[in-house]
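Worksheet: the structure to be examined is printed underneath.
As a basis for the values below, the full set of heavy atoms in this structure was taken, side chains included, without hydrogen atoms, waters or symmetry mates.
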Amino acid sequence: MSDRYVDRVLEGTAVWTDVDNYVDRWHRSDSDEELHDYLGFTWEEYALWTEQPRALRFILAARERGEPVQQLLEHSGDVAVAARGLTKRDAQVILEWLRETGRLPDDS
């Protein structure tokens, strides 16, 4: 069993709101790992989360579904996504921000 935040959330032994506790634990530790590794995020997931904290639940849901965050955001109207309390509006805001920052191509 992993002690990484992402793994623990996906295992059901932590909740998504525990992220700040894991960050505090990293600050108090003598770990040589970078924070994104310590939490279990890819660099891209970590960058998205730090710049758009509302994306955290989308990141976790995408990981659970085994798909890229962008793909999950684009299908945010799906019942499975909506059942997790992830709103289509939040997904649209994050997608728009990703496009504005050049992280995704503009569809227009």
Side-chain angles (χ1 to χ4, degrees):
M1 174 163 44
S2 170
D3 282 335
R4 301 199 186 290
Y5 164 76
V6 171
D7 295 334
R8 299 290 302 266
V9 171
L10 296 179
E11 292 168 355
T13 57
V15 294
W16 70 274
T17 56
D18 288 341
V19 69
D20 291 334
N21 296 334
Y22 281 81
V23 172
D24 290 342
R25 187 183 307 163
W26 177 77
H27 281 293
R28 291 190 310 267
S29 77
D30 58 359
S31 176
D32 291 334
E33 288 183 290
E34 293 186 24
L35 180 56
H36 75 279
D37 288 326
Y38 185 87
L39 294 173
F41 286 126
T42 65
W43 178 251
E44 292 79 15
E45 291 167 340
Y46 175 75
L48 176 58
W49 169 63
T50 58
E51 295 181 48
Q52 287 289 318
R54 73 171 63 182
L56 179 58
R57 290 180 12 188
F58 289 98
I59 293 166
L60 294 169
R63 273 290 193 93
E64 184 177 48
R65 291 174 62 148
E67 63 183 306
V69 175
Q70 174 189 354
Q71 185 175 340
L72 179 84
L73 291 169
E74 290 171 344
H75 298 102
S76 63
D78 293 354
V79 173
V81 175
R84 295 206 174 348
L86 306 172
T87 69
K88 188 170 186 162
R89 178 66 188 135
D90 280 342
Q92 290 170 335
V93 167
I94 295 166
L95 273 172
E96 183 178 306
W97 177 83
L98 287 168
R99 288 185 182 107
E100 287 173 359
T101 59
R103 291 183 171 106
L104 289 177
D106 191 352
D107 286 342
S108 44

Answer with yes or no whether the hydrophobic clustering places L98 together with V93; edges join I, L, V, M, F, W, Y residues whose side-chain heavy atoms lie under 4.5 Å apart. no
State yes or no: do W43 and W97 share one hydrophobic cluster built from I, L, V, M, F, W and Y residues joined by side-chain heavy-atom distances below 4.5 Å, directly or via other members? yes
Taking all atoms of both residues into account, what is the closest heavy-atom pair of A55 and L48, and its distance? CB-CG, 3.7 Å
What pair of heavy atoms forms the shortest contact from W49 to L39, and how long is it? CZ3-CD1, 3.9 Å
For atom CD of E51, decide whether the heavy atoms of other residues, nucleotides or ligands shown that lie under 6.0 angstrom number more than 12. yes
Just distance, no hydrogens or angles: give the donor-acceptor pairs under 3.5 Å from side chains in residues 21-30, sequence neighbours left out.
unit_1, atom_1, unit_2, atom_2, d
W26, NE1, E33, O, 3.0
S29, OG, W26, O, 2.8
S29, OG, S31, N, 3.2

E96 meets the side-chain hydrogen bond (donor to acceptor under 3.5 Å, both in side chains) criterion, sequence neighbours left out, with none
Yes or no on side-chain contact (heavy atoms from CB on, under 4.5 Å) for R8 and D3, after CA distance, side-chain angles and deciding distance? CA-CA 6 Å; R8 299 290 302 266; D3 282 335; 3.6 Å; yes
Using only atom types and a distance under 3.5 Å, with no angle test, would you say the side chain of Y5 pairs donor to acceptor with the backbone of D20? no
Determine, stepwise, if the pair I59 / V6 fulfils side-chain contact (heavy atoms from CB on, under 4.5 Å). CA-CA 9 Å; I59 293 166; V6 171; 5.9 Å; no
Go through the steps to decide whether R63 and L10 satisfy the test side-chain contact (heavy atoms from CB on, under 4.5 Å), and finish with yes or no. CA-CA 8 Å; R63 273 290 193 93; L10 296 179; 4.0 Å; yes
Geometric class of the F41/Y46 ring pair [parallel <30°, tilted 30-60°, perpendicular >60°]: tilted
Passing candidate, side-chain contact (heavy atoms from CB on, under 4.5 Å) with I94, options R99, R54, Q70: R54
